[in-house]
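See structure below.
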Amino acid sequence: RGACNPMQWKLMVASVWILNPVVVTIAGMLLGNKELTWWSAIPLAVALSALSGRLRLTEGDPDWVAEGCPLSFSLITHWFFSRLIFIGVPMTFLSLQVDLYLPFADMLPPFAVIGLFVC
């Protein structure tokens, strides 16, 4: 929390409440959009990735503030893949976990990846 400015922290907390995967799943069911219910945590992942800004997610991340602007291509790539691995992958797993609790069998994704979490 100390690495984020107050506005950034408030926006992260608000996005967790507004883009909660269960809320997104309910909205997808009400709108009849099955794809939104399948990937219900991805909007939250995108919001948290964007709001994380220069926050260091691991000790292996560079000190984004000390690097300054403009950032090099390698630093931007490092930032992108850091967010992809530490935010995107867990949120994808969360989406698949929420999929298991969809109320109707025809709402489940038609591909085999859902089987990873049934076992």
- Message: Show, in sequence, the C-alpha distance, side-chain angles and deciding distance for Trp79 and Leu75, and conclude whether the side chain to side chain contact (heavy atoms under 4.5 Å, CB included) test is met.
- Response: CA-CA 6 Å; Trp79 181 90; Leu75 283 175; over 6 Å; no

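- Placement of Leu57 and Met12 within a single hydrophobic cluster is found when ILVMFWY residues are connected by side-chain heavy-atom separations under 4.5 Å, directly or transitively.
- In the hydrophobic clustering of ILVMFWY residues, with side-chain heavy atoms under 4.5 Å counting as a link, Ile85 and Leu55 come out together.
- For residues 3-28, no pair satisfies salt bridge (Lys or Arg N to Asp or Glu O under 4.0 Å), with sequence neighbours left out.
- With sequence neighbours excluded, the residues that form a side chain to side chain contact (heavy atoms under 4.5 Å, CB included) with Leu94 are Pro21, Ala41, Met91, Val98.
- Nearest heavy atom pair, residue Val24 against residue Pro43, reads CG1-CG, 4.4 Å.
- Pairing each heavy atom of Pro62 with each of His78, the nearest pair is CD-NE2, 3.4 Å.
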- Message: Apply side chain to side chain contact (heavy atoms under 4.5 Å, CB included) to residues Val23 and Trp17 and explain how you reach the verdict.
- Response: CA-CA 9 Å; Val23 172; Trp17 280 96; over 6 Å; no

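- Under the side-chain hydrogen bond (donor to acceptor under 3.5 Å, both in side chains) criterion, Ser74 pairs with Ser72, not counting sequence neighbours.
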Which donor-acceptor pairs under 3.5 Å do side chains of residues 27-37 form with protein atoms, sequence neighbours excluded?
from  : atom 1 : to     : atom 2 : distance (Å)
Asn33 : OD1    : Glu35  : N      : 3.2
Asn33 : OD1    : Leu36  : N      : 3.3
Lys34 : NZ     : Asp106 : O      : 3.2
Thr37 : OG1    : Lys34  : O      : 2.5

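- Annotation: the span from Trp39 atom CH2 to Thr92 atom OG1 amounts to 6.5 Å, rounded to 0.5 Å.
- Residues Trp9 and Asn5 have side chains not in contact (no heavy-atom distance under 4.5 Å, counting atoms from C-beta outward).
- Remark: Val46 engages Ile42 in a side chain to side chain contact (heavy atoms under 4.5 Å, CB included) (not counting sequence neighbours).
- Sorted by first then second residue, the salt bridge (Lys or Arg N to Asp or Glu O under 4.0 Å) pairs that include residues 71-98, not counting sequence neighbours, are Asp61-Arg83.
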- Task: Before giving the answer on side chain to side chain contact (heavy atoms under 4.5 Å, CB included), spell out for Val16 and Leu44 the whole-Å C-alpha distance, their side-chain angles and the decisive distance to 0.1 Å.
- Result: CA-CA 7 Å; Val16 168; Leu44 179 58; 4.1 Å; yes

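- Proximity of Val22 to Ser40: side-chain heavy atoms (C-beta onward) are nowhere separated by under 4.5 Å.
- Here the CD1 atom belonging to Ile87 is positioned 4.5 Å from the OG atom belonging to Ser52, to the nearest 0.5 angstrom.
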- Given the rule in the side chain to side chain contact (heavy atoms under 4.5 Å, CB included) test, do Phe81 and Leu84 qualify, once you have shown the distances and angles that lead to the verdict? CA-CA 5 Å; Phe81 282 105; Leu84 183 69; 3.7 Å; yes

